[in-house]
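A short worksheet on the structure shown next.
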Amino acid sequence: MGEPNTPPVVIDTTIPQAARFWDFLLGGKDNYSVDREVGRQVLGIFPQLIDSARADRGFLVRAVTHLVRDAGIRQLLDIGTGLPTVNNTHQVAQAIAPESRIVYVDNDPMVLAHARALLVSTPEGATQYLHADVRDWETILRDAAGALDLTRPVALMLLGIINYVLDDDVAHGIVAGLVDALPSGSYLAMSHPTAEVHAEAMAESVAYYNASGAPPIRTRSRVELTRFFDGLELLDPGVVSCSLWRPDPSELGDPVEVTQYCGVARKP
C-alpha cells in the first residue's frame, strides 16, 4: 500500500505557497525564490517565526511519541502534512511501533510531487498519501478508510492547517465532522498560530504574508483554539505554546512561548 492518488502535478512558482514557505522556515530546500523572498521579508518583520516553526515540529514529535508509546495508538490521520522533512509522522510512529499505519493528506501540488518520500513504510505498517483539501473532509474519511480501520482508535493530526480556514463556523464544522466519525479512544492533536504572543510583530507578519498572494491565514486566541476541543478530554497541560507542551527535559534552558498554540485531547 502507499501509491498516492495522482492528479496532474502543476506547481505555480509565481506566488508563494504555504508548504514551501514553511519548508523555508525549517531550513529545507524544497522551495522557490518567491517563497524565500516572502520568507525573508516576514523574518525581517518577525525573526522569531523560525522558533515557532521549529517548536511546531517539536510538538509533532512529542505528541506522536505520546500517542503511540503511551496511549497505544497505531493509526494516524495527518491532514496538512506539508513537505517531507525530518521526523515525519510515520517515522516517529513506526520507530516506536513498526505496525503503525499513517495516512497523510495535503492539497499542495508540491507535496504531491514529493509524496513518495512519505510512503517509505516499515514492512509491518503502512503509509498512504491523499491529495485533498481539509474542507473536503467527508472524501478524506472515505478514502482514508482504505488504509485505516475507522472502527478502531485513530489519532487525528491537524497541525498548522485550520488556520487556512478563515471562517469559524466552517472550521468548527470540519473539525467536528472529522472527530465525530472517529470512535471512542481516538485523539485530536492541533496546532495553530496566534497573535497573543509577540502580538504586534505577529500581526504585521501575517498581514504581509496574506498580501503576498499566498493562501491567506488567520490567527486564533487560546480560547478560540480551546473551543475546537469541546466535548473531548484535553490532556495536560491543556492548550499552550507548542514549546511548552510536555517539553523534553533534556533540552537546554527553559522553553519560551512561541506564536503557535497546540493541544491534544482524547475522545471519550
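- Val175 has its side chain within reach of Leu188: a pair of non-hydrogen atoms, C-beta onward, lies under 4.5 Å apart.
- Of all heavy-atom pairs spanning Tyr209 and Ala18, the tightest one is OH-CA, 3.5 Å.
- Hydrophobic clustering of Ile, Leu, Val, Met, Phe, Trp and Tyr side chains at less than 4.5 Å, counting indirect connections, unites Val170 with Ile161.
- Annotation: the span from Asp108 atom CG to Leu83 atom CG amounts to 6.5 Å, rounded to 0.5 Å.
- In this structure, Val68 and Ser100 have side chains that are in contact, with non-hydrogen atoms separated by less than 4.5 Å.
- Looking at Phe21 and Val38, their side chains come closer than 4.5 Å, going by heavy atoms from C-beta outward.
- Across every non-hydrogen atom of Val42 and Tyr208, the tightest pair is CG2-CD2, 3.8 Å.
- Note: Asn31 CG to Asp23 CG = 5.0 Å, rounded to the nearest 0.5 Å.
- Judged by distance alone, with hydrogens and angles left aside, the side-chain atoms of Arg142 form no donor-acceptor pair with the main-chain N or O of Glu138 at under 3.5 Å.
- Val86 places none of its side-chain heavy atoms less than 4.5 Å from the side chain of Arg57.
- Side chain of Arg74 to main chain of Glu99: no donor-acceptor pair is present (N/O by atom type, distance under 3.5 Å, no hydrogens or angles).
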- Task: Might you work through the side chain to side chain contact (heavy atoms under 4.5 Å, CB included) test for Phe228 and Val179, ending with a clear yes or no?
- Result: CA-CA 10 Å; Phe228 286 99; Val179 171; over 6 Å; no
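- No donor-acceptor pair under 3.5 Å is formed between the side chain of Asp136 and the backbone N or O of Asp133.
- Checked against a 6.0 Å centroid threshold, the rings of Tyr104 and His90 count as neighbours.
- Nearest heavy atoms, Ala93 versus Leu76: CB-CD1, 3.9 Å.
- Side-chain contact between Met202 and Thr194: absent, with no pair of heavy atoms (C-beta onward) separated by less than 4.5 Å.
- A distance-only check finds no donor-acceptor pair linking the side chain of Arg20 to the backbone of Met110 [under 3.5 Å].
- A cation-pi arrangement, defined by a distance under 6.0 Å to the six-membered ring centre and an angle within 45 degrees of its axis, is present between Arg222 and Tyr261.
- When hydrophobic clusters are built by joining Ile, Leu, Val, Met, Phe, Trp and Tyr residues whose side-chain heavy atoms come closer than 4.5 Å, directly or via intermediates, Val120 is not grouped with Val111.
- None of Gln94, Gln128, Arg101, Gln91 except one satisfies the side chain to side chain donor-acceptor pair (under 3.5 Å) rule with Ser121; the exception is Gln94.
- In summary, of the residues considered (Thr81, Thr127, Asp78), a side chain to side chain donor-acceptor pair (under 3.5 Å) with Thr89 occurs for Asp78 alone.
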- Message: Using the rule given for side chain to side chain contact (heavy atoms under 4.5 Å, CB included), can you reason through Gln48 versus Val197, listing the C-alpha separation, both sets of side-chain angles and the distance that settles it, and then say yes or no?
- Response: CA-CA 11 Å; Gln48 293 90 340; Val197 181; over 6 Å; no
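- In this structure, CG in Leu225 is found 8.0 Å from SG in Cys262, a value given to the nearest 0.5 Å.
- Interatomic distance, Arg54 CZ to Cys242 SG, rounded to the nearest 0.5 Å: 14.5 Å.
- For the pair Leu178/Leu182, no side-chain contact is recorded, criterion being any heavy-atom separation below 4.5 Å from C-beta on.
- Here the closest heavy-atom approach between residue Ala53 and residue Leu25 is recorded as CB-CB, 3.9 Å.
- Listed for the Arg246 side chain is a donor-acceptor partner under 3.5 Å among the backbone atoms of Asp236.
- Here Glu224 pairs with Arg218 in a salt bridge; the nearest charged N to carboxylate O distance falls below 4.0 Å.
- Looking only at distances, a side-chain donor or acceptor of Gln75 sits under 3.5 Å from a matching main-chain atom of Asp149.
- Using a 4.5 Å heavy-atom cutoff, the side chains of Phe46 and Asp51 are not in contact.
- Side-chain atoms of Asn163 and Pro193, non-hydrogen and from C-beta on, do get closer than 4.5 Å to each other.
- Under 4.0 Å is where a charged nitrogen must lie from a carboxylate oxygen, and between Arg220 and Asp168 at least one such pair does.
- The closest donor-acceptor contact from the side chain of Asn87 to the backbone of Val61 lies at 3.5 Å or more, if one exists at all.
- The main-chain N or O of Asp35 is never found under 3.5 Å from a side-chain atom of Gln17 such that the two would form a donor-acceptor pair.
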- Query: What's the verdict on side chain to side chain contact (heavy atoms under 4.5 Å, CB included) for Val258 and His198, showing C-alpha distance, side-chain angles and the deciding distance?
  - Reply: CA-CA 8 Å; Val258 297; His198 300 292; over 6 Å; no
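- Asn107 contributes no side-chain N or O that, together with a main-chain N or O of Val134, makes up a donor-acceptor pair within less than 3.5 Å.
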- Message: Quick one, Glu37 with Arg40, criterion salt bridge (Lys or Arg N to Asp or Glu O under 4.0 Å). Give me CA distance, side-chain angles, the key distance, then yes/no.
- Response: CA-CA 5 Å; Glu37 177 58 26; Arg40 284 190 287 266; 3.7 Å; yes
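- In this structure, the side chain of Ser186 does not engage the main chain of Pro153 through any donor-acceptor pair within 3.5 Å.
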